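Just the heavy atoms: all of them, side chains too, but no hydrogens, waters or symmetry mates, feed the values below. Atoms within a ligand are numbered from 1 in the order they appear, just like the ligands themselves. Predicted model, so just to flag it, every value in this text is computed and none were measured.
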Amino acid sequence: MAVYTHLTAAEIAEFLDAYDVGDLRSAKGIAEGVSNSNWLIETERAHASQRFILTVFEARTEADDLPYFLSLLDHLAAKGLPVPRTIHTRDGALMREARGKPCALIEFLPGVSVDEPEPAQARAVGIALADLHLAAEDFPQSRASSLSLPICVQMLRDNAAKFDEIDPQLDTIIPDCGAGVLEHWPVDLPAGTIHSDLFPDNVLSVGDRVTGLIDFYFACSGILAYDLAVTHAAWSFDLADNAFRPDVGHALIEGYESCRPLSDAERGALPLLAQGACLRFVATRVEDWFATPVDGLVRRKNPMQFAHRLAFYRAQGEAAFTL
Ligand SMILES: Nc1ncnc2c1ncn2[C@@H]1O[C@H](COP(=O)(O)OP(=O)(O)O)[C@@H](O)[C@H]1O
Ligand SMILES: N[C@@H](CCOP(=O)(O)O)C(=O)O
């Protein structure tokens with residue numbers, strides 16, 4: 001998340017007029033994340049203050065997909081998962097426009113995102129991910145991923161000529177832009193509704209307790225073990241030096257399996273699924289590297305962080321998933 005669309009206080013107040021949330025008291029842009037523009041909103045009603053998140057959906061979030069995302073949030077919230085409910089307007093609408101872009105007002109959840117997760121926190125996230133998969137089993141809608149592996153391989157091919165502008169090692173790590181992973185991609189593993197971006201900055205915690213799962217704007221229909229591989233690749237490496245944390249990775253998987261045991265086929269596919277997950281994040285970070293506007297309140301994310309993680313999974317294979 002970031003702030004690309006700089007709404008004025010008057011525009012935010014006008015936007016909130018359609019909601020029964022009181023009067024605007026403050027609005028602060030949130031720098032974390034890179035996909036959408038987000039604001040921390042505080043309102044006042046009957047001398048009581050409330051906080052919300054106002055999201056302005058930017059280019060990477062398909063406007064036509066918003067009913068899917070927001071309905072999924074409502075489905076999971078109704079099942080008791082710690083996800084933000086969508087605030088509906090007085091007329092019952094899930095979204096409104098501001099500055100010509102689709103926007104939503106969502107529930108503010110307590111908790112902080114951890115930068116250096118410990119095993120106990122990773123285990124709790126594994127449990128939360130399994131709960132999400134199980135709670136979404138009866139979610140009636142489906143959505144194809146807009147960042148499937150074939151799409152990401154093509155994104156990398158489209159930018160391959162500029163890899164050296166990022167890091168000379170990038171071409172060495174992915175000389176085929178991921179074609180080899182795509183060639184062996186599994187097709188018959190259990191599938192369902194997945195988050196597909198459950199990074200530490202998309203999980204809110206109070207101590208070891210997960211208090212918020214957010215940023216469902218890459219959610220789609222997909223391989224359940226792929227979602228676990230995404231989360232493993234995002235959580236199991238130190239922020240400072242990208243060093244692998246086997247204790248954290250093991251706790252994540254153990255937490256997940258305590259609620260939803262993996263089949264032998266799913267467990268055996270994790271090394272390849274993790275490479276595919278890393279390719280997806282290298283692809284979008286490479287594209288963002290060359291596309292991030294200079295006036296956005298945003299911190300570009302380094303593609304090499306996941307290029308090196310991809311090389312790790314390729315070298316380690318199943319050893320990356322055994323303690
Ligand atoms: N519902 C929420 N409750 C509390 N904080 C939130 C909520 N949604 C987003 N945030 C804050 O905004 C940050 C980025 O939000 P995120 O949805 O990840 O943005 P993006 O879509 O750009 O990735 C989070 O790390 C968190 O600090
Ligand atoms: N989490 C991914 C994709 C960007 O996600 P966002 O939540 O920051 O929009 C990454 O880190 O590349």
Side-chain angles (χ1 to χ4, degrees), residues 1-5 27-42 50-62 65-66 69-70 72-74 76-77 81-87 101-115 117 125 145-147 152 155-156 166 194-206 210-220 227 229-235 237 239 242 277-289 291-293 296-310:
M1 183 165 58
V3 177
Y4 301 101
T5 303
K28 299 278 188 286
I30 301 175
E32 287 84 2
V34 296
S35 300
N36 299 303
S37 299
N38 284 268
W39 302 75
L40 174 57
I41 302 291
E42 191 166 352
Q50 291 178 282
R51 283 187 289 184
F52 302 94
I53 296 291
L54 166 55
T55 299
V56 181
F57 295 102
E58 304 291 352
R60 183 154 282 147
T61 305
E62 311 278 338
D65 290 333
L66 288 170
F69 298 135
L70 301 177
L72 174 59
L73 283 169
D74 284 352
L76 296 173
L81 269 73
V83 301
R85 272 171 283 261
T86 308
I87 309 302
K101 293 181 179 177
C103 307
L105 193 67
I106 62 172
E107 180 185 7
F108 178 86
L109 296 178
V112 292
S113 299
V114 293
D115 291 320
V125 172
S145 172
S146 54
L147 290 167
C152 292
M155 283 167 72
L156 288 166
I166 298 173
I194 65 175
H195 182 286
S196 83
D197 189 31
L198 202 62
F199 276 54
D201 65 0
N202 289 333
V203 175
L204 303 175
S205 301
V206 173
V210 172
T211 52
L213 301 175
I214 60 175
D215 195 5
F216 279 76
Y217 308 119
F218 295 111
C220 58
D227 214 9
V230 164
T231 312
H232 190 275
W235 284 73
F237 297 81
L239 203 57
N242 220 20
C278 293
L279 279 166
R280 173 267 187 253
F281 298 112
V282 173
T284 51
R285 290 184 177 198
V286 164
E287 185 154 289
D288 290 348
W289 192 265
T292 298
L297 169 61
V298 59
R299 289 189 290 267
R300 282 189 314 186
K301 297 183 171 184
N302 188 344
M304 295 312 293
Q305 186 185 50
F306 277 84
H308 290 303
R309 296 183 189 187
L310 189 163

Next on the checklist: Out of all atoms in ligand 2, which are within 4.0 Å of some heavy atom of Asp215? Include the element for each.
Outcome noted: 6 (P), 7 (O)
Next on the checklist: Can a donor-acceptor pair be found, under 3.5 Å and without considering hydrogens, that links the side chain of Asn202 to the backbone of Asp197?
Outcome noted: yes
Checklist entry - Got a sec, which residues hit side-chain contact (heavy atoms from CB on, under 4.5 Å) with Thr61, two or more places apart in sequence or on another chain? => result Asn36, Phe57, Leu66, Phe69, Tyr217
Checklist entry - Looking only at heavy atoms, what is the nearest atom pair of Thr231 and Val125, with distance? => result CG2-CG1, 4.0 Å
Next on the checklist: Considering both backbone and side-chain atoms of Ile106, is one of its nitrogen or oxygen atoms within less than 3.5 Å of a nitrogen or oxygen in ligand 1?
Outcome noted: no
Checklist entry - In ligand 1, which numbered atoms sit nearer than 4.0 Å to a non-hydrogen atom of Pro84? => result 1 (N)
Checklist entry - In ligand 1, which numbered atoms sit nearer than 4.0 Å to a non-hydrogen atom of Leu204? => result 3 (N), 4 (C), 5 (N)
Checklist outcome for this item: Heavy-atom proximity to atom 3 (C) of ligand 2, picking from Asn302, Asp201, Asp197, Val282, points to Asp197
Checklist entry - Counting from 1, what ligand 1 atoms have a heavy atom of Asp201 closer than 4.0 Å? => result 24 (C), 25 (O)
Item to check | Minimal non-hydrogen separation, Arg280 against Ser196, with atom names | outcome: NE-O, 4.4 Å
Item to check | Nitrogen or oxygen of Asn202 less than 3.5 angstrom from that of ligand 1 | outcome: yes
Item to check | Sub-6.0 Å ring centroid separation between Phe306 and Phe199 | outcome: yes
Checklist entry - What part of Asn202, side chain from CB on, backbone N/CA/C/O, both or neither, has a heavy atom under 4.0 Å from ligand 2? => result side chain
Checklist outcome for this item: Logged contact type for Ile53 with ligand 1, heavy-atom cut-off 4.0 Å, is side chain
Item to check | N/O separation below 3.5 Å, Ser35 to ligand 2 | outcome: yes
Next on the checklist: Using every non-hydrogen atom in the two residues, find where Leu198 and Val230 come nearest and quote the distance to one decimal.
Outcome noted: N-CG1, 4.3 Å
Checklist entry - Any sub-3.5 Å donor-acceptor pair from Thr211's side-chain atoms to Leu204's backbone N or O? => result yes
